[in-house]
> 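I am attaching a structure below and will ask some questions about it afterwards.
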Amino acid sequence: PTWIFDSVISIMLFVASLFPGEAMEDAVETGRIGKYYAVEDMLTTDSMEKYGTITTQQHYNKIASMGQDPFTPVRATAVIGRVLES
């Protein structure tokens with residue numbers, strides 16, 4: 001729930017008013033950024049585009065057979081490869 005972000009940001013703003021400084025300003029800004037990423041749709045605004053056409057397993061099978069794609073972290077691919085080999 002976003003009210004948690006609002007509460008934490010309000011508390012941090014109060015603490016920042018008591019102890020001004022760049023570190024507290026940075027903490028408040030980080031809280032605001034966290035709330036932004038929690039409430040804003042990062043992929044698309046078109047509801048028809050919110051779901052992919054392949055499953056996660058199909059994606060990982062493709063990686064296992066065709067190699068690394070630029071969107072999957074290398075560590076995840078290594079773990080997936082070990083699971084698929086066993």
Side-chain angles (χ1 to χ4, degrees):
T2 57
W3 65 266
I4 295 172
F5 280 102
D6 294 332
S7 300
V8 171
I9 291 168
S10 295
I11 292 167
M12 291 184 345
L13 281 169
F14 176 72
V15 172
S17 70
L18 297 175
F19 305 101
E22 188 174 338
M24 286 305 299
E25 291 174 14
D26 289 346
V28 172
E29 185 63 20
T30 300
R32 289 182 180 136
I33 292 168
K35 180 182 177 187
Y36 174 82
Y37 280 102
V39 299
E40 292 296 324
D41 194 344
M42 296 292 119
L43 299 175
T44 181
T45 55
D46 183 358
S47 62
M48 297 301 293
E49 296 179 357
K50 289 191 178 189
Y51 301 100
T53 57
I54 65 170
T55 66
T56 303
Q57 184 63 52
Q58 290 170 331
H59 173 71
Y60 291 140
N61 288 342
K62 179 181 173 188
I63 292 170
S65 65
M66 298 175 65
Q68 178 69 33
D69 71 348
F71 303 107
T72 303
V74 174
R75 289 183 65 192
T77 304
V79 171
I80 294 162
R82 284 194 295 263
V83 168
L84 293 176
E85 288 173 358
S86 60

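Basis for what follows: all heavy atoms, side chains included, without hydrogens, waters or symmetry-related copies. Computed from a predicted structure; not experimentally measured.
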> Find the distance between OH (Tyr60) and CD1 (Ile54) and round it off to the nearest 0.5 Å.
10.5 Å

> Taking all heavy atoms of Gly34 and all of Phe5, pick out the closest pair and write down the distance.
C-CE2, 3.5 Å

> Once side chain to side chain donor-acceptor pair (under 3.5 Å) is applied, do any residues pair with Gln57, and if so which ones, sequence neighbours excluded?
Asn61

> Looking only at heavy atoms, what is the nearest atom pair of Met12 and Met24, with distance?
O-CE, 3.7 Å

> Test of understanding: with side chain to side chain donor-acceptor pair (under 3.5 Å), list the residues that count as partners of Lys35, not counting sequence neighbours.
Asp6

> For residues Ile4 and Tyr37: do they belong to one hydrophobic cluster (side chain heavy atoms under 4.5 Å, members Ile, Leu, Val, Met, Phe, Trp, Tyr)?
no

> Got a sec, which residues hit salt bridge (charged side-chain N to carboxylate O under 4.0 Å, His left out) with Glu29, two or more places apart in sequence or on another chain?
Arg32

> Answer yes or no: does atom CD of Glu40 have more than 12 heavy-atom neighbours from other residues, nucleotides or ligands under 6.0 Å?
yes

> Over all heavy atoms of both residues, which pair between Ala16 and Val28 is shortest? Give the atoms and the distance, please.
CB-CG2, 4.4 Å

> Roughly how far, to the nearest 0.5 Å, is OG1 of Thr30 from CD1 of Ile9?
10.0 Å

